[in-house]
Amino acid sequence: MSEIRVRFAPSPTGYLHVGGARTALYNWLFARRMNGVFILRIEDTDADRSKPELTTAILESMEWLGLNWDEGPFHQSDRLDRYRTLASELERSGHAYPCFCTPEDLQAKRSRVTGGRPWKYDGTCRNMPDEERQMRLAAGVPHVVRFRVPESGETGFEDMVFGLITVENQEIEDFVLLRSDGQPTYHLGVVADDMDMRVTHVVRGADHISNTPKQILVYRASGANLPVFAHLPLILGPDRQRLSKRHGATSVGAYRDQGILPEALVNFLALLGWTPPGGEEILPLEAMSQQFDLAAVSKSNAVFDPEKLAWMNSQYLRALTMDRLVPLVEAELKLSGIESTIIDSHPKFEETVTMLQPRMRTLKDFSQGGRAFFTDAFEYAPDARKKFWKDPAIAGFLQDLAGRLEKLDSFTTEITEATLRGLTEENGIKAGLLINATRVALTGQSVAPGLFDVMKVLGQKRTVERLQRAGKYLRESGANPA
RNA sequence: GGCGCUAUCGUCUAGGGGUUAGGACGUCAGAUUCUCAAUCUGAAAACCCGGGUUCGAUUCCCGGUAGCGCUACCA
């Protein structure tokens, strides 16, 4: 039948945040599921706050997430004539009227309203005698165009997510369609564009629910068919407040910078408000697009849980093949200013990454906890020193071990392990004591992959050097390094 | 304040007139003993409150409460 057409319409007044990203995602999923068209539109009619570079950033984030669009990006700023035309048509048909009240007038009236009484545009210009209106217009008095909202009846719609929503028309004020500078407001812009772009389903945040009746009025006044509306519950911060800068990372780019994979973020966001019929948690974009159902979207707001995102990221990280993971790790190291000085070959790099992969949660972990695998410039973490370098005899053992390892002809995990265990037996100490101490010496961390795998990856020369360096460090810093 | 919307473990959610109210993250405990940010096993943890309908409500209805949204010449 008729083609399904949806759109994502961000305004370039900020970066793409996770809420917007989920809205984009749900639009994308719905379009794919229905074999429809996904349109991208930039709502840049707020000339003061819109910035072109933010448009670029939003587009980049969309691409990074893998949310490709079929049409656009369209810019509202390119379509100003269209909005003006629509506004004057509405004026001609009596659905709108010029309003000469200045922002200052309005502000004054508003502040005069006492004690919490609701303010609604008082209709000064709505009821203006026609001659006066013509006179002012002829005199070129600056004005906005307001919509003439019916004073009785109600306006409602059947929301795909929320069900029936109705509002008394008396509750709706005569909102502005066209600003005095000729720029359209949101209400005029969306409706004109959604009509012209033949959008069949408007999928957007629940913060637009209250706006919807106004827009429906405009659709009707324009003689256009209504799209289907589907509002999405909001994403909140841990304090249940709407996500904002106060909550730290809220933009898609910030998560990319934290080493989150796009597929993990997408999967996580999708599950904030929707569950597939089978209840799967790990569900790639492809699988989602075959099961997604707007009608199954939750009605209640969701708190964004970074912990679960991190877990999900670890799941995707583990599943990555080397041909994808290696470049990502390389990029991360570069970003963190780490020159991979200790790895001289590609197979070696892969071996290292493979070893680290199962225990990393984000790409950042490779350059942080995993730092010592890529460069000699690492430090001993205080908690690791405190935990595993307590024993004053450690320094001696580390140097002893260095000596023994240095003499080995073969440096397999079996042989290095036998060497270390031999040393501990001779000295009557527990193997774990030296293993853990050695781990700190080799990686600077208390947490790392199996020690003998670490040795193997580092190689004999570097292992010995690091043991000596640690022994020296311990002697110089005294018996109690902690 | 007005209007609108929402309400199941700490969080994301499944479910739905009779269920041991299910799963996931997190938390806790145990296993592993070479660390854990790995792995395995297990545990604790929820139907906002009050009425009504009903043989029976967490589920349906009403009210309350709470939260969120809108209340701009922002979107």
Side-chain angles (χ1 to χ4, degrees), chain A residues 9-14 43-46 48-50 76 99 101-103 106-107 110 113 115-120 142-146 159 161-163 165-168 170-173 175-187 189-190 204-214 231 233-234 236 238 240-242 268 271-275 277-282 298-312 314 318 358-362 365 369 384 387-388 417 420 430-436 438-440 443 445-452 454:
Chain A
S11 76
T13 52
E43 307 215 325
D44 54 356
T45 54
D46 184 342
D48 294 338
R49 297 196 304 148
S50 296
Q76 290 193 319
C99 171
C101 299
T102 65
L106 264 15
Q107 192 47 50
R110 223 174 257 133
V113 175
R117 287 283 66 186
W119 158 260
K120 215 179 109 182
H143 64 278
V144 300
V145 176
R146 281 183 190 271
D159 190 278
V161 173
F162 286 91
I165 293 174
T166 51
V167 164
E168 299 284 334
Q170 305 168 36
E171 299 295 335
I172 307 173
E173 75 168 347
F175 51 95
V176 173
L177 293 171
L178 207 60
R179 296 191 259 251
S180 51
D181 62 2
Q183 291 271 335
T185 62
Y186 172 64
H187 299 300
V190 255
R204 72 218 318 186
D207 47 344
H208 289 294
I209 288 180
S210 311
N211 293 325
T212 306
K214 294 179 189 164
H231 288 94
L234 269 19
L236 311 175
R240 300 209 146 271
Q241 298 290 303
R242 198 181 191 165
F268 173 75
L271 262 31
L272 239 39
W274 175 70
T275 315
E280 304 90 337
E281 297 279 337
I282 302 297
S298 157
K299 296 196 225 334
S300 41
N301 295 342
V303 173
F304 187 94
D305 179 9
E307 272 303 315
K308 185 160 182 176
L309 171 60
W311 166 79
M312 191 159 283
S314 74
R318 279 170 213 212
R359 50 209 316 128
M360 304 280 94
R361 303 242 290 177
T362 70
D365 292 340
K387 196 168 169 193
F388 295 127
E417 179 159 9
L420 182 142
K430 289 206 295 195
L433 182 76
L434 186 54
I435 287 173
N436 288 327
T438 304
R439 170 174 293 108
V440 181
T443 68
Q445 305 288 316
S446 59
V447 176
L451 182 66
F452 304 102
V454 171

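Chain identifiers are assigned alphabetically (A, B, ...) following the order of the sequence lines, protein sequences preceding nucleic acid strands; residue numbering begins at 1 within each chain.
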Please determine, for B/C28, whether a Watson-Crick or G-U wobble partner exists with both distances under 3.5 Å, and give it or none. B/G42
Among B/C12, B/C36, B/C5, which is the nearest nucleotide to the side chain of A/Lys308? B/C12
Taking the side chain of A/Ser210 as its heavy atoms from C-beta onward, which of B/G67, B/C3, B/C70 lies nearest to it? B/C70
Same-atom distance (P) from B/G42 to B/G22, integer angstrom: 15 Å
Of B/U6, B/A24, B/C68, the nucleotide closest to the side chain of A/Trp311 is B/A24
No-H, no-angle donor-acceptor pair, A/Asp365 side chain to B/A37 base, under 3.5 Å: no
Pairwise C1' distance for B/A31 and B/G18, with rounding to whole Å: 40 Å
Between the side chain of A/Asp207 and the main-chain N/O of A/Leu234, is any donor-acceptor distance below 3.5 Å? no
P atom, B/U54 versus B/C61: distance in rounded Å? 16 Å
A/Val176 side-chain proximity, nearest of B/U11, B/C73, B/U35: B/C73
Tell me the interatomic distance from A/His208, atom NE2, to B/C70, atom P, rounded to whole angstroms. 9 Å
On a whole-Å scale, what distance lies between the C1' atoms belonging to B/C9 and B/G26? 11 Å
Nearest-neighbour nucleotide for the A/Ser300 side chain, B/U8, B/U35, B/C5 considered: B/U8
Under a 3.5 Å limit on both distances, the Watson-Crick or wobble mate of B/G56 is none
Write down the distance separating the C1' atoms in B/C40 and B/U33, rounded off to the nearest Å. 14 Å
B/G17 and B/G2, which share atom name C1', separated by this distance in whole Å: 37 Å
Just by modelled atom types, is the A/Gln76 backbone N or O under 3.5 Å from a matching donor or acceptor in the A/Asp44 side chain? yes
Of B/U35, B/U11, B/C34, the nucleotide closest to the side chain of A/Asp305 is B/U11
Separation of the C1' atoms in B/U6 and B/U13, to the nearest angstrom: 15 Å
For a quick test of reading the model: is some side-chain N or O of A/Arg318 closer than 4.0 Å to OP1 or OP2 of B/U39? yes
Determine the Euclidean distance between corresponding C1' atoms of B/A43 and B/U59; express it in Å to zero decimal places. 28 Å
